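Heads up: the structure comes next, in structure tokens.
Note that this is a predicted model, so its numbers are computed, not measured. Residue indices begin at 1 and follow the sequence shown.
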Amino acid sequence: MSKETVSNLLTYILFLVLVIGFAFMLIENTRLTVVNHRLESELVDSQNLANGYEWQLEQINSSNGWGGDE
């Protein structure tokens, strides 16, 4: 093979590796964004549930005549 053919072949291979690498980064970034969104929504749900339990305990304590900081 001539030097020009080898040079063109290496250029095409390098371009292909760059395109595949860029596509992989986009896919991984999208996956991490989705996972992060799910984790944040689970955290918000957990915080809302904890606040609901805290409110219920406050209601039970107040109905029993107990103070909030005792």
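Residues Leu10 and Met1 share a hydrophobic cluster, clusters being chains of Ile/Leu/Val/Met/Phe/Trp/Tyr side chains in contact below 4.5 Å.
Taking 4.5 Å as the limit, every side-chain heavy atom of Glu28 sits out of range of all side-chain heavy atoms of Met25.
Judged by distance alone, with hydrogens and angles left aside, the side-chain atoms of Ser7 form no donor-acceptor pair with the main-chain N or O of Lys3 at under 3.5 Å.
Atom CG in Leu39 sits 10.5 Å away from atom CG in Leu32 (nearest 0.5 Å). For the atom pair Thr11 OG1 and Glu4 CD, the distance stands at 10.5 Å (nearest 0.5 Å).
When only modelled atom types and interatomic distance are considered, Thr5 and Ser2 share a side-chain donor-acceptor pair under 3.5 Å.
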Using atom types as modelled, flag every donor-acceptor pair under 3.5 Å from a side chain in residues 44-55 to any protein atom, sequence neighbours excluded.
from: Ser46; atom 1: OG; to: Glu42; atom 2: O; distance (Å): 3.0
from: Asn48; atom 1: ND2; to: Val44; atom 2: O; distance (Å): 3.4
from: Asn51; atom 1: ND2; to: Gln47; atom 2: O; distance (Å): 3.3

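Of all the heavy atoms in Thr33 and Asn29, the pair that sits closest is OG1-O, 2.8 Å.
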